[in-house]
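The residues of the chain are indexed from 1 along the displayed sequence.
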Amino acid sequence: MIRHSRWAALGAAIALMLVPACQTNPETGRSGINLVPDSYMNSLGAQAYAEVKQTEKRSTDQRLTAIVERVAGRITAAAGEQMEWEVTLVESPQANAFVLPGGKIVVYTGILPICQTEAALAFVLGHEVGHAIARHGSERASQTLIVQGGLTLADLSLGTGQNKELIMGVLGTGAQYGVLLPYSRAHESDADHTGIRYMARAGYDPRVAPDLWLRMGAQGQEPPEFSSTHPNSERRASDLQGLMKEAMEIYEKAPVKHGVGEAL
């Protein structure tokens with residue numbers, strides 16, 4: 001009875017936390033949880049961004065920097081949420097970009113040749129802005145807190161039995177592959193959906209987005225999807241193709257159309 005009451009107490013505590021913490025992405029309708037205050041996450045994001053600017057080499061290519069800043073401005077305007085948006089172009093062969101809580105975006109020059117066009121860059125930036133607006137970082141932190149709480153309670157409930165270590169190992173693996181990684185993949189798919197909407201609203205042709213993921217996938221071997229935080233590139237391209245009708249309807253309504261924009 002004591003063991004059951006402990007699990008019941010955990011369930012009740014989690015339920016109490018989840019009810020006021022539910023949030024919905026206005027672009028996709030996906031619901032998530034947020035147990036961590038924005039002010040705390042934004043403070044961490046600002047600290048990390050300051051470190052990036054101190055330790056990474058910023059690009060001196062004025063043309064590419066201007067394009068990245070211009071596209072970022074159009075995407076954040078299309079997103080319509082006020083954050084302290086800022087973007088930095090880092091000189092690096094990495095084919096990567098990321099966003100920090102609070103709206104700080106870092107783009108590596110290595111991704112630009114893969115983008116090929118301003119429109120594909122608009123999708124990349126739309127994807128990153130989508131992460132920030134949906135508070136995916138906060139949701140991931142919240143999921144981790146809940147999983148850690150459950151594992152701690154399981155540890156207490158199992159006492160000192162000889163199978164405790166084995167059972168705890170299985171629970172930990174299940175949490176990683178059954179909760180945290182799938183949630184991260186869900187974040188990536190959600191950000192793809194949001195990103196293609198933002199780029200279309202900003203006047204960039206969304207038809208470039210699926211091919212971008214195919215080019216990204218061609219850069220190297222991907223890990224099995226079940227053990228990855230990201231869906232594989234072919235799946236992402238297919239999912240985006242499935243969203244194309246919706247995206248094109250948004251694009252047709254854009255007051256100013258930039259098409260594919262400049263070549264990168």
Are any side-chain N or O atoms of Ser189 and backbone N or O atoms of Ala186, one a donor and one an acceptor, separated by less than 3.5 Å? no

So does Glu249 pair up with Lys253, basic N to acidic O under 4.0 Å? no

With rounding to the nearest 0.5 angstrom, report the CD to CG distance, Glu86 to Leu100. 10.5 Å

Donor-acceptor pair, distance only, cut-off 3.5 Å: does the side chain of Ser238 make one with the backbone of Glu234? no

Rounded to the nearest 0.5 angstrom, the CD1-CH2 distance for Ile114 and Trp213 is 10.0 Å

Would you indicate whether the side-chain heavy atoms of Met248 and Pro206 approach each other to under 4.5 Å? yes

Do the non-hydrogen side-chain atoms of Glu91 and Arg58 ever get within less than 4.5 Å of each other? no

Do side-chain atoms of Thr55 reach the backbone of Glu51 as a donor and acceptor pair under 3.5 angstrom? yes

Once side-chain hydrogen bond (donor to acceptor under 3.5 Å, both in side chains) is applied, what residue pairs with a partner in residues 94-108 remain, sequence neighbours excluded? none

Evaluate side chain to side chain contact (heavy atoms under 4.5 Å, CB included) for Asp192 paired with Phe123, printing each intermediate quantity in order. CA-CA 8 Å; Asp192 278 352; Phe123 171 71; 3.5 Å; yes

Is there a side-chain contact between Thr109 and Val90, using heavy atoms and a 4.5 Å cut-off? no

Ignoring hydrogens and geometry, is there a side-chain-to-backbone donor-acceptor pair from Arg74 to Ala202 under 3.5 Å? no

Heavy atoms, side chains only, cut-off 4.5 Å: are Val107 and Val124 in contact? no

Would you check if Met216 and Arg236 make a side-chain contact, meaning some heavy-atom pair closer than 4.5 Å? no

Heavy atoms of other groups near Glu84 CD, more than 12 under 6.0 Å: no

Any side-chain heavy-atom pair from Leu112 and Leu121 closer than 4.5 angstrom? yes

Gap separating the OG1 atom of Thr194 from the CZ atom of Arg201, nearest 0.5 angstrom: 9.5 Å

Hydrophobic cluster membership, Leu125 vs Ile67, 4.5 Å side-chain cutoff: yes

Between Arg235 and Asp239, is the closest basic N to carboxylate O distance under 4.0 Å? yes

Distance, nearest 0.5 Å, that separates CZ of Arg215 from CD1 of Ile111: 10.5 Å

Is Ile196 reachable from Ile133 through a run of hydrophobic residues whose side-chain heavy atoms are each under 4.5 Å from the next? yes

Basic-acidic side-chain contact under 4.0 Å: Asp205, Arg207: yes

Which word best sums up how the rings of Tyr204 and His258 line up, parallel for under 30°, tilted for 30 to 60°, or perpendicular for over 60°? tilted

Can you check whether Val99 reaches Val129 side chain to side chain, under 4.5 Å on heavy atoms? no

Would you call Gln116 and Val260 a side-chain contact if the rule is heavy atoms closer than 4.5 Å? no

